[in-house]
Amino acid sequence: MNRTDWFADARFGLFLHWGLYAIPGRGEWTYAMDRWEPGIYEALQQQFDPVDFDPALWACLAKAAGMRYVVFTTRHHDGFCMFDSHYTDYKITNTPYGRDVTRMLADAFRAEGLGVGFYHSLPDWTHPGYADPESPEFYQTGKVPVATPEDHAAYRDLLYNHIEQLMTEYGKIDILFLDYTSKHKADEDYFDRERILEMVYRLQPEIIVNDRLSYFKDNVRDFDYYTPEICLLNDQLKVKGKPVLWETCATMNHHWGYCGDDTAYKDLHTLTTGLMGCVSHNGNLLLNIGPDPLGRFPEQAVERLQQLADWYQWAGEAIFGCGASDYTPPFGCAYTQKGNTLYCYLLTAPMGDLILPELKGKIRRITDLRTGAEIPMIDHWGFELLRPDEQRIRPTDPQPGDVFKIELV
Ligand code: GLC
């Protein structure tokens, strides 16, 4: 087994953006975007009391939906630590709630057999040693902040120390998702990359680490996996000419952090299409939820997870352990493949019969996973205008989101 094999098999994970920003409920960039008076945002910590936080329930919902791992915001760009930091009082254990939610969450997801991933922000907008145009000061005053070398060194140390604590005190961590290096830092090693990575791999030898510790450049080291955002790739991602592991993260509505006003949730078909779109190009989907200030998933998010769970019950075998197919799918479909089995996902309902390229004489059986019915292969139909390698099939009442299992001979 390769260190990253489990991740390539898993295909589907849950992203959680949760922090003080859940209280104002305008997304996790509110600190930068909404002109908070100095100190007022930070004071939200005196109000944070998510009495309904129930990580066992979250883990259960995620697992039923087919998710195999979680990635949790241990600290976002607002600098607030959702774990019991040894290095700052600006942290979850210093709120009315007072408990280390990162530990509770890691334990609960592990207990359900899910992988545990920590998101940790590289920027910290509250620290004078982090200076970048993509930060509150610039948005509010138009002036680019400048850090003294001493402050910047202190900033780097704090980042290092936080990650070191997370890698030491929370058991086995499967994923480290560092976010992000701004384009203004493209040409410098602002975070002391190798120092962090040496420590992370020493403390957690099996961990996999994403690519955002550097702005994308050809001349930097290879990362364990690559993370496009809110988009599907059209193909297997290649870096420096070689195929790499990748995962796209996406929101369920239009925000990462909680936003009560944003009720525009994607429908089930959009979500399953996104997931199959990733798997069919050897990628993973990390689907996000922003829990509310009381520690609850928004109602619509729960509804989506339950719908995904219903779909996953019968369609799940087309996801876990599957990847891109060697074959060309018919019009309006996507393929995933595991060994000698193809899974044909219907992006849209076909107008009539489906024509499968390249599969003539290669199919043993086709089953509609939703209904369990066998799908007949049509050998001859009037004027036969198909290419010799094409196989015509006739599903009964096919619907978008259906999956046909094609067992090859
Ligand atoms: C973007 C957003 C950030 C979010 C991340 C998730 O970088 O700025 O707030 O956490 O996407 O990938």
Side-chain angles (χ1 to χ4, degrees), residues 7 12-34 36 41 44 67 69-83 101-102 105 117-127 130-140 159 162-163 166 175-186 190-191 208-216 223-233 237 245-259 262 266 271 274-275 278 283-292 298 301:
F7 182 74
F12 195 20
L14 175 66
F15 209 178
L16 292 174
H17 275 70
W18 198 38
L20 288 186
Y21 42 83
I23 299 175
R26 293 193 291 275
E28 78 292 350
W29 272 66
T30 180
Y31 187 100
M33 298 302 191
D34 293 333
W36 292 79
Y41 180 91
L44 291 173
M67 293 160 161
Y69 58 97
V70 65
V71 175
F72 178 65
T73 48
T74 56
R75 175 182 90 164
H76 207 271
H77 312 333
D78 64 357
F80 183 73
C81 291
M82 291 292 275
F83 63 104
V101 295
T102 294
L105 187 129
F118 284 168
Y119 168 110
H120 198 79
S121 172
L122 299 169
D124 176 351
W125 290 330
T126 60
H127 197 291
Y130 180 76
D132 189 87
E134 289 176 26
S135 57
E137 199 173 327
F138 183 73
Y139 288 122
Q140 293 178 13
L159 177 66
H162 274 156
I163 297 175
L166 288 167
I175 299 171
L176 180 60
F177 188 118
L178 296 169
D179 182 44
Y180 67 95
T181 303
S182 98
K183 62 177 177 294
H184 308 281
K185 311 263 178 270
Y190 198 72
F191 306 107
I208 62 174
V209 184
N210 75 339
D211 58 329
R212 296 192 185 178
L213 195 46
S214 114
Y215 194 77
F216 185 79
F223 292 94
D224 292 329
Y225 74 110
Y226 292 79
T227 54
E229 191 169 299
I230 329 187
C231 67
L232 293 186
L233 301 184
L237 179 64
L245 286 180
W246 65 275
E247 169 201 78
T248 197
C249 48
T251 53
M252 265 200 199
N253 51 4
H254 294 291
H255 288 81
W256 298 106
Y258 177 67
C259 181
D262 179 1
K266 291 161 186 116
L271 298 177
L275 177 55
C278 290
N284 290 17
L285 176 65
L286 186 64
L287 185 60
N288 182 74
I289 293 177
D292 77 8

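Order of appearance sets the numbers: ligands from 1, and atoms from 1 within every ligand.
- Residues satisfying the side chain to side chain contact (heavy atoms under 4.5 Å, CB included) criterion with Thr30, sequence neighbours excluded, are Tyr21, Pro24, Arg26, Asp34, Trp36, Tyr41.
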Next item on the list: Mind running side-chain hydrogen bond (donor to acceptor under 3.5 Å, both in side chains) on Ser121 and His77 for me, showing each step along the way?
Entry: CA-CA 6 Å; Ser121 172; His77 312 333; 2.7 Å; yes
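- Rounding to the nearest 0.5 Å gives a distance of 9.5 Å between CD1 of Ile230 and NE2 of His254.
- Under the side chain to side chain contact (heavy atoms under 4.5 Å, CB included) criterion, Asp132 pairs with Tyr130, Glu134, Ser182, His184, Lys185, not counting sequence neighbours.
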Pairwise, report which nitrogen or oxygen atoms of ligand 1 are under 3.5 angstrom from protein nitrogen or oxygen atoms, and how far apart they are.
residue: ligand 1; atom: 8 (O); partner: Trp29; partner atom: NE1; Å: 2.7
residue: ligand 1; atom: 9 (O); partner: Glu28; partner atom: OE2; Å: 2.5
residue: ligand 1; atom: 9 (O); partner: Trp29; partner atom: NE1; Å: 2.9
residue: ligand 1; atom: 9 (O); partner: His76; partner atom: NE2; Å: 3.1
residue: ligand 1; atom: 10 (O); partner: His17; partner atom: NE2; Å: 2.6
residue: ligand 1; atom: 10 (O); partner: His76; partner atom: NE2; Å: 2.8
residue: ligand 1; atom: 10 (O); partner: Tyr119; partner atom: OH; Å: 3.3
residue: ligand 1; atom: 10 (O); partner: Asp179; partner atom: OD2; Å: 3.4
residue: ligand 1; atom: 11 (O); partner: Glu229; partner atom: OE1; Å: 2.9
residue: ligand 1; atom: 11 (O); partner: Glu229; partner atom: OE2; Å: 2.9
residue: ligand 1; atom: 12 (O); partner: Arg212; partner atom: NH1; Å: 2.9
residue: ligand 1; atom: 12 (O); partner: Glu229; partner atom: OE1; Å: 2.9

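- Summarising the geometry, atom OH belonging to Tyr215 is positioned 10.0 Å from atom OH belonging to Tyr180; distances are rounded to the nearest 0.5 Å.
- With sequence neighbours left out, the side chain to side chain donor-acceptor pair (under 3.5 Å) criterion links Thr102 to no other residue.
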